[in-house]
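Quick notes on the structure that follows.
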Number of protein chains: 2
Amino acid sequence: MDEAVLIVGSLAYDSVSSPAGSVENELGGSATYGGLAAAFHRRRLGTGTVGIVGVVGDDFSEEDRQLLKDADLDLSGLETVEGGTFRWSGSYHGSMAEAETHETHLNVFEHFQPRVPEHSKSPTITFCANLHPIIQSDVLDQAPPSRLSMLDSMNLWIQIALDDLLTVMKRVDLTIINDGEVRMLADDDNLVRAAHSVRSMIGSTYLIVKRGEHGVLALHPDGAISIPAFPVADVVDPTGCGDTFAGTIAAHLAKGTGPIELNELRAALEAATVTASFTLEAFGTSSLANLDESTFNKRLSEFHTIIHG
Amino acid sequence: MDEAVLIVGSLAYDSVSSPAGSVENELGGSATYGGLAAAFHRRRLGTGTVGIVGVVGDDFSEEDRQLLKDADLDLSGLETVEGGTFRWSGSYHGSMAEAETHETHLNVFEHFQPRVPEHSKSPTITFCANLHPIIQSDVLDQAPPSRLSMLDSMNLWIQIALDDLLTVMKRVDLTIINDGEVRMLADDDNLVRAAHSVRSMIGSTYLIVKRGEHGVLALHPDGAISIPAFPVADVVDPTGCGDTFAGTIAAHLAKGTGPIELNELRAALEAATVTASFTLEAFGTSSLANLDESTFNKRLSEFHTIIHG
C-alpha cells in the first residue's frame, strides 16, 4: 500500500518559555508535530501510513526516535548525519499570539538534501511542512502525490526567500498561511481581501488562513469557510499548533479521492482546530503523543456544539 | 401593547475618517445605530415597537429626526434641549480594529436626566446602549423589563467610572463587552479565562464578548457559543457596528418569553453578526437605514453556509 501522507519538514530541539513555565531541548519541529498529528488521525480514520522526510543530528536521542516509532510513523526517509539537530529557542508573552525567537541554529539542516524512499514516491498527499521552500520543491519533484500537494510556511521565508516561496506555492494545490503572512504577501490590512489576492497571486485551488486564537478562514472553489478556534483557557505553549493543524488536515484529506469537497475540507478544518487545541495545552509533543481517541472525540463533539449548536 | 425594546443611549453627530474616505457631522450614536438595527429586526420578526430614550440639542436636524421616525422608532423618550448635540470625531487606520478618538464633546449629554415615558415603562427588553453607567442605572430603575435587561459599554467607563459600571453590570441579565475590555476588567490576557472571570465578577447570566473582525464568544448557563465574523472585504467605517450588533440582539430576544435558550441566543448572535457587516460597509447609518429584508436574508443564508456548511 502506498504512503497515505508524506511529510517533509523539520525535526528540532526547542527551548521555550511562556507565562506557564519553560522547557529546554524538547522534541519539536514541523515534521514532528505534523507527523504525530497525521499519525493520530491515520489511526482514527484507517488510512495508509504516514512517512517523514527529514534530517537529525547524531545528538538525536533514542527516546525521541522511539516516540516517533511508537506513533507508527514511517521513518525510512529520516536521515541521521554527523552534527547537531536543528535547535530553536523562543518565548511567548501576553496573549501569546506570536513567538519571540531568541536563537535559531540550523545545524544539520544547512546542507540537507532530502531523499524520498522508493516506497514513498507515490503518496496520496505530499505535505511540505514549514521548511526552506527549496527543500519543499525538491520533495514535490521526488514525490508527486496522487491526490493533493500542500504546504505550510512561515514569515521568515517571505523575508529571506520570497521568490523560492512563491515558486513552490504556485506548484501546490493547497497553501496554508497565517493571518500576518497573508497580509504581508498581499500588502493589504484587510484579511479577506488579502486572502483572495494571495490566492489569485499563487493560483492555489485551496487557501487556508490560520488566525491563531481567532480561528481559520478557508477559500475553496465552491465558497468560503470560517471556523473559530476552540476556546482554550489554559494556554501553555503555542509551539507546534500550526503544524498539528496542518498534519491533521493532511491525514483527513488522504481519506478520499478526486477533488476535495467543500464539506470534506470543513470537517478536516474542524478536526484540525480541535487537535491543535491539545498541543496548545502542554509544552512539547506530550499532549499530542498521548492523545487518545475518546478524549479527542469528546472535545470534537464539544466543539461542534459550541460552533453549530 | 407594551414596548418590545426600550433603548437608552446616545444620539450624536460623528466626524469619521478611514482609509476609505471621510464624513463630517454624520448622524450616529449608540441609540441611533442600536435603534435602527432593532427597528429593522422588529419589522422582520413582528414584535412590538422600539423606543429610544436620549437627548439631542437644538442643532439636531429635522432630516435626521425623520430618518428615525421613518424607521418606526418611538421617539417619545427623545428630549430636545437647548445646546449642541453630542459630537464625536475619530479615525481608523490599518486593520481598522480600533478607533482613534480625536475629540468628544458631550454637550447636552452633560446634564442629561433620562425620562422614560409612561407607556414605555414595562418593555420586554431594556437595552442600555453605550452611555454613562449612571444614566443606564437610572433607566433600569424607571423601566424594569419583563424579560431581559442588557447593556453595552466601552473602555472609557472602565477608566473613569469603574464603580458605577460594575454596579450596573451587576444589575443586568446580559452584558456585552469587547475583547479588550474583558481582558482589562479581568486583568488577564487569555480571552476565555477573562470572559469566565468577568462573568463571575458581575454575576451576569449571559455574557457576550465582541471580538470585532474575529467574531463573538458568548457564555450561557448551558454552554459556550463561538461565531466568526462575516468576512467583509470592503471595510469602510466600523463606527456603530457594536451598537448595530447589540440592537439586533435586543430585537431578537424580545420575540420570546422566559429564560433565553442557548439556541435562541445563537440565532440572535448570527443575525447580529450579519447586520453589523452592513454597518461596516458604509459611513454612517446609510446602509443600515436602507437595508431591505431580502438583502439581509440572502447574506444571513450565505453566512450560515460559511460557518455551518
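Within every chain, numbering begins at 1; the chains are lettered A, B, ... in the order of the sequence lines, protein sequences first and strands thereafter.
- The two residues B:P228 and A:P228 have their closest heavy-atom pair at CD-CD, 3.8 Å.
- When all heavy atoms of A:R193 and B:D234 are compared, the pair lying nearest together is NH1-OD1, 3.7 Å.
- Contacts between residues 249-284 of chain A and chain B, defined by a heavy-atom separation under 4.5 Å, are made by A:N263, A:R266.
- Ranked by non-hydrogen atom pairs under 4.5 Å with chain A, the options B:E302, B:H196, B:H304, B:H214 are led by B:H214.
- For B:E213, the parts lying near chain A are the backbone and the side chain together; criterion is any non-hydrogen pair under 4.5 Å.
- Among the residues in residues 175-190 of chain A, those with a non-hydrogen atom closer than 4.5 angstrom to a non-hydrogen atom of chain B are A:R183, A:D189, A:N190.
- Distance check: B:S226 OG to A:F303 CZ gives 7.0 Å after rounding to the nearest 0.5 Å.
- Looking only at heavy-atom pairs under 4.5 Å with chain B, the residue among A:L217, A:L191, A:V232 that has the most is A:V232.
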